[in-house]
Amino acid sequence: VLVYYNGDYVPKSEATTSVYDHGFLYGDGVFEGIRAYNGRVFKLKEHVDRLFDSAKAIAMEIPLSREEMSQAILETLRKNNLSDAYIRPIVSRGVGDLGLDPRKCKTPNIFIITQEWGAMYGDLYEVGLKAVMVATRRNAPDALSPNIKSLNYLNNILAKIEANAKGGDEAIFLDSNGYICEGSGDNIFIIKNGKVYTPPTISNLKGITRATAIELLVERGYEVLEVNVGFFDLFTADEVFVTGTAAEAAPITKVDGRLIGDGKPGPITGEMVKAFEEITGTTGTA
Ligand code: PLP
């Protein structure tokens with residue numbers, strides 16, 4: 001396995017940074033999660049743009065152009081001979097000292113890791129995921145913007161720990177106002193009477209799969225409303241599904257032990273799962 005490390009492709013054992021890297025000391029850095037299907041990188045431009053936006057939001061200048069970053073991502077994939085893969089670019093603030101002032105860090109460290117990957121939920125695309133609403137809130141937009149895909153993923157990890165403890169496949173966050181927000185690593189959609197609702201992205205990550213799902217739904221004639229969604233809407237929904245680079249589109253059929261609709265993936269969710277299989281050229285069950 002070769003990892004991109006500041007312009008070189010090095011064996012994974014050599015892809016290491018200092019304990020003084022502020023990415024390690026403080027979670028000071030940004031990242032992306034990208035998929036390649038049949039040797040083609042899905043939504044590369046969107047992911048590279050979001051990486052640069054995340055960096056800009058934390059006042060960090062990535063020492064590559066967007067084009068160079070895109071080429072490095074493609075080259076990492078090629079060097080590892082992978083066609084169905086997950087790709088993880090990481091840009092950390094770089095090495096400084098124990099003070100948290102980012103001016104102490106001379107230059108960001110850039111890593112690109114890739115590994116073979118299939119759709120993450122296996123059989124659950126057919127039966128649906130069990131979700132758990134968690135006490136951990138997604139960070140508020142006036143604190144650390146959830147739009148920044150930063151190396152601070154502790155809230156998401158705490159959410160996952162809660163879901164794991166309760167036997168859930170995925171966590172559902174509330175936002176700081178108590179509205180349904182998103183999953184620990186995916187955005188959420190709710191369907192009622194043929195209309196599709198999804199929370200506005202002020203409170204969650206501007207998911208690239210979310211944007212794709214909206215496009216696919218609109219193309220198929222569905223009305224998609226980006227509005228606040230509450231408990232009531234979730235528990236009375238006909239269908240619920242989540243979207244993400246790793247999950248693609250995946251049905252949620254149970255929340256906190258209660259059935260969503262009749263407890264089976266619904267027809268619009270099914271259309272979305274299939275639509276993603278078509279545009280990515282996979283079976284969805286890897
Ligand atoms: N929400 C969170 C918190 C995430 O980490 C992710 C994954 O990147 C998503 C949503 C889904 O975003 P995308 O579809 O761009 O992968």
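We count ligands from 1, going down the list as the structure has it; atoms in each ligand are counted the same way.
- Heavy-atom distances between E46 and ligand 1 stay at or above 4.0 Å for every pair.
- Under the 4.0 angstrom criterion for non-hydrogen atoms, K43 is not in contact with ligand 1.
- Taking each of P146, G185, G207, C181 in turn, the one with a heavy atom nearest to atom 9 (C) of ligand 1 proves to be G185.
- Considering backbone and side-chain atoms alike, T243 places every N or O at 3.5 Å or more from each N or O of ligand 1.
- Ranking protein heavy atoms by distance to atom 16 (O) of ligand 1, first place goes to T245 OG1, 2.5 Å.
- Side-chain rings of F111 and F31 stay apart, their centers remaining 6.0 Å or farther from each other.
- An N or O contact shorter than 3.5 Å is missing between K206 and ligand 1 by distance.
- For atom 8 (O) of ligand 1, the closest heavy atom belonging to the protein is K149 NZ, 2.8 Å.
- Ion pairing between a basic and an acidic side chain is recognised when a charged N comes within 4.0 Å of a carboxylate O; R50 and E32 show such pairing.
- The shortest separation from a heavy atom of G33 to ligand 1 is not under 4.0 Å, leaving the residue out of contact.
- Enclosure of atom OH in Y197 by more than 12 non-hydrogen atoms of other residues, nucleotides or ligands within 6.0 angstrom is indicated.
- Considering both main-chain and side-chain atoms, T209 comes within under 3.5 Å of ligand 1 through a nitrogen or oxygen pair.
- Ligand 1 lies within reach of D186, whose nearest heavy atom is under 4.0 Å from it.
- Nearest non-hydrogen protein atom to atom 3 (C) of ligand 1 is N156 ND2, 3.4 Å.
- Of all non-hydrogen atoms in I190 and A237, the two that sit nearest each other are CG2-CB, 3.7 Å.
- In this structure, E32 falls outside the shell of residues with a heavy atom less than 4.0 angstrom from ligand 1.
- With salt bridges taken as basic N to acidic carboxylate O contacts below 4.0 Å, none links R258 and D256.
- Below 3.5 Å of separation, one finds an N or O of Y153 facing an N or O of ligand 1.
- The closest approach between any non-hydrogen atom of S184 and ligand 1 is below 4.0 Å.
- The pair D175-R137 does not count as a salt bridge, with every side-chain nitrogen at least 4.0 angstrom from each carboxylate oxygen.
- Taking any N or O of E182, backbone or side chain, at least one lies under 3.5 Å from an N or O belonging to ligand 1.
- A cation-pi arrangement is absent between R35 and Y86 under the rule of less than 6.0 angstrom and at most 45 degrees off the ring axis.
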Does K274 form a salt bridge (Lys or Arg N to Asp or Glu O under 4.0 Å) with E271? I'd like the steps, not just the answer.
CA-CA 5 Å; K274 196 149 159 276; E271 271 186 71; over 6 Å; no
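- Only side-chain heavy atoms of R138 come within less than 4.0 Å of ligand 1; its backbone N, CA, C and O stay farther off.
- Here the rule is side chain to side chain contact (heavy atoms under 4.5 Å, CB included) with T243, and of E248, R210, M272 only R210 fits it.
- Between I208 and ligand 1, at least one pair of N/O atoms sits closer than 3.5 Å.
- The structure places OG1 of T245 at 10.5 Å from CH2 of W117, a figure rounded to the nearest 0.5 Å.
- The structure places SG of C105 at 10.0 Å from CE of M60, a figure rounded to the nearest 0.5 Å.
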